[in-house]
Amino acid sequence: MSAQRTRERILDAAVERIASDGIDAVRIARIAMDARVSTALVHYHFATREALLAEALEHSFVTAGEVSDREGDPATRLRWMVESCLPLPGEQERDWVLWVELWLRAVRHPELRPTAARLYARMHDWFREAIEEGDFGPVDAGAIADRTLALIDGFGVRALLGDPAMPLERAREEVWHALAGDLGLRAGTSSS
Amino acid sequence: MSRPTTGHVRRPAILRAAAEVIAERGVIGTRIADVAERAETSAPGVLYWFATKDELLTEALASADERFYEELSDELAQLEGARARLARIVDLWPAEGDGEVVLWMELWVRALRDPEVGAARERLDRRWRDAIAAIVRDGQAAGEFLPADPDDFALTLGALMDGFAIQLALHDPAVTPERVREHCMALVQERLGLEGVPDAI
């Protein structure tokens with residue numbers, strides 16, 4: 001097995017384990033067992049928990065990014081982008097758990113902040129470019145991307161935690177309503 | 001069932017100590033003995049009041065919130081108009097500092113895997129939204145705001161503030177407190193603002 005493939009297997013296992021047990025409680029030996037490698041090898045690839053969390057997050061973002069470009073008119077595409085950023089059951093919910101763990105961990109461990117900033121910047125650019133390419137008239141694409149990401153996090157964390165005030169469906173409609181308003185679209189329609 | 005006679009003094013001191021220690025080290029990294037030492041009491045003295053670290057976290061946040069709402073109502077009473085009150089709330093929130101935001105993040109992470117912590121988080125969040133909605137209702141009664149649903153608005157403003165608070169706490173270079181304030185007050189104008197009323201405060 002190539003070193004690259006081994007690394008990916010460790011990261012796949014780490015994503016699953018961190019999501020279920022939490023970054024603080026997760027045992028490296030358990031990740032090693034899931035990935036069918038030795039504990040020493042996990043430590044060899046990832047010196048600290050912070051490094052493992054950072055890499056696991058990057059890894060899950062890369063996996064998500066593989067399906068990130070979809071056809072369709074700009075408004076439909078943006079609506080789908082919003083959807084792909086919310087804690088939908090399955091992989092997105094799992095990635096969200098890592099995301100929330102990252103916030104806390106990065107506040108305490110400044111060495112993780114560049115990872116967080118990089119992931120935010122990537123999301124920001126993704127939205128900003130989709131807005132600019134959409135030709136929605138004279139809008140401030142950067143500011144709209146900022147607000148959209150803040151709403152995705154604020155609504156998304158409540159939906160993730162099962163807040164009765166914010167079911168997932170509502171989170172999706174609220175973020176889209178705000179974004180559609182910013183772009184001068186009617187929220188009810190997905191095409192411009 | 002006898003209670004230490006200084007107990008009424010100890011409980012708030014323990015909660016203040018817990019808020020500090022947990023903000024610094026996290027729930028996982030905090031030992032009951034650390035909280036006891038900071039509060040100048042013993043570990044059994046802490047355990048007398050709080051059975052678990054999660055309980056310490058939720059109660060410390062509830063108690064910090066209590067102080068925040070008391071100070072807030074004093075401050076807001078001195079302001080003229082609902083818009084100025086919302087602006088003050090927006091100003092105060094990220095200014096609460098990393099300590100407060102990091103406790104909320106601890107709460108979110110613990111709530112991921114513990115329904116009781118989840119229920120406590122939901123209660124605290126609802127109270128915060130109710131405080132915002134009450135100001136909106138006052139503003140609507142005074143003819144200062146449009147008749148949008150106050151609870152829906154509070155939910156959206158709360159979500160927006162939290163979303164930005166995360167980025168501020170992570171020291172994201174792209175987000176400044178000034179920008180956050182502008183975004184929040186733009187939402188007030190967008191959802192509640194009357195035509196012809198300037199959105200500058």
Side-chain angles (χ1 to χ4, degrees), chain A residues 19-25 87 93 96-110 112-121 124-125 140 142-166 170-171 174-175 177-178 181-182, chain B residues 22-29 98-99 101-115 117-119 121-123 125-126 129-130 151-176 179-180 182-184 186-187 190-191:
Chain A
S20 63
D21 302 349
I23 183 65
D24 288 305
E93 187 175 13
W96 252 89
V97 172
L98 296 189
W99 193 229
V100 174
E101 297 259 6
L102 174 72
W103 295 339
L104 177 61
R105 202 77 182 183
V107 168
R108 290 244 164 65
H109 299 264
L112 267 177
R113 288 181 195 160
T115 299
R118 196 162 50 240
L119 294 177
Y120 269 110
H124 174 94
D125 293 345
D140 183 342
I144 295 172
D146 280 338
R147 167 160 121 148
T148 303
L149 290 183
L151 286 174
I152 285 172
D153 280 345
F155 284 128
V157 71
R158 287 170 171 82
L160 179 72
L161 295 174
D163 193 320
M166 189 46 62
R170 177 152 188 204
E174 292 284 353
V175 176
H177 173 75
D182 281 342
Chain B
I22 295 173
E24 287 164 20
R25 297 176 207 171
V27 173
I28 292 276
D98 289 5
V101 176
V102 81
L103 286 182
W104 277 100
M105 290 178 173
E106 286 278 351
L107 197 65
W108 292 336
V109 168
R110 306 299 291 175
L112 285 171
R113 298 178 186 92
D114 184 329
V117 177
R121 185 214 66 83
E122 203 256 322
R123 273 197 306 278
D125 192 39
R126 191 147 24 95
R129 299 200 310 260
D130 287 348
D151 297 313
D152 285 353
F153 175 79
L155 201 52
T156 305
L157 182 61
L160 188 69
M161 288 163 83
D162 280 347
F164 278 125
I166 293 159
Q167 294 178 42
L168 287 174
L170 294 175
H171 301 271
D172 190 323
V175 178
T176 63
R179 288 292 292 145
V180 173
E182 283 167 22
H183 273 290
C184 292
L187 186 78
E190 176 189 313
R191 304 277 167 105

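Protein chains get the first letters and strands the later ones, always in sequence-line order, with residue 1 at the start of each.
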What part of [X] gets within 4.5 angstrom of chain A, counting heavy atoms only: side chain, backbone, both, or neither?
X        : answer
B:Leu155 : both
B:Arg121 : side chain
B:Glu106 : both
B:Asp125 : side chain

Under a 4.5 Å cutoff for heavy-atom pairs, which residue among [options] has the most contacts with chain B?
options                                : answer
A:Asp146, A:Ile23, A:Leu112            : A:Asp146
A:Glu174, A:Glu101, A:Arg108, A:Arg170 : A:Arg108
A:Ala106, A:Ala25, A:Gly154, A:Pro114  : A:Gly154

Between B:Arg179 and A:Arg147, is any pair of side-chain heavy atoms under 4.5 Å apart?
-> no
Are any non-hydrogen side-chain atoms of B:Trp104 and A:Val157 less than 4.5 angstrom apart?
-> no
Please classify the contact between [X] and chain B as side chain, backbone, both or neither, with a heavy-atom cut-off of under 4.5 Å.
X        : result
A:Ala116 : side chain
A:Val100 : both
A:Ala143 : both
A:Leu161 : side chain

Could you tell me which of [options] has the largest number of non-hydrogen atom pairs under 4.5 Å with chain A?
options                                : result
B:Glu182, B:Glu190, B:Arg126           : B:Glu190
B:Thr156, B:Val27, B:Asp151            : B:Thr156
B:Arg113, B:Arg129, B:Met105           : B:Arg113
B:Gly26, B:Gly118, B:Pro173, B:Ala119  : B:Gly26
B:Val175, B:Asp172, B:Leu187, B:Leu160 : B:Leu160

Are B:Arg110 and A:Asp24 within salt-bridge range, i.e. N to O under 4.0 Å?
-> no
With no hydrogens and no angle check, is any side-chain donor or acceptor of A:Arg158 less than 3.5 Å from a backbone partner on B:Glu122?
-> no
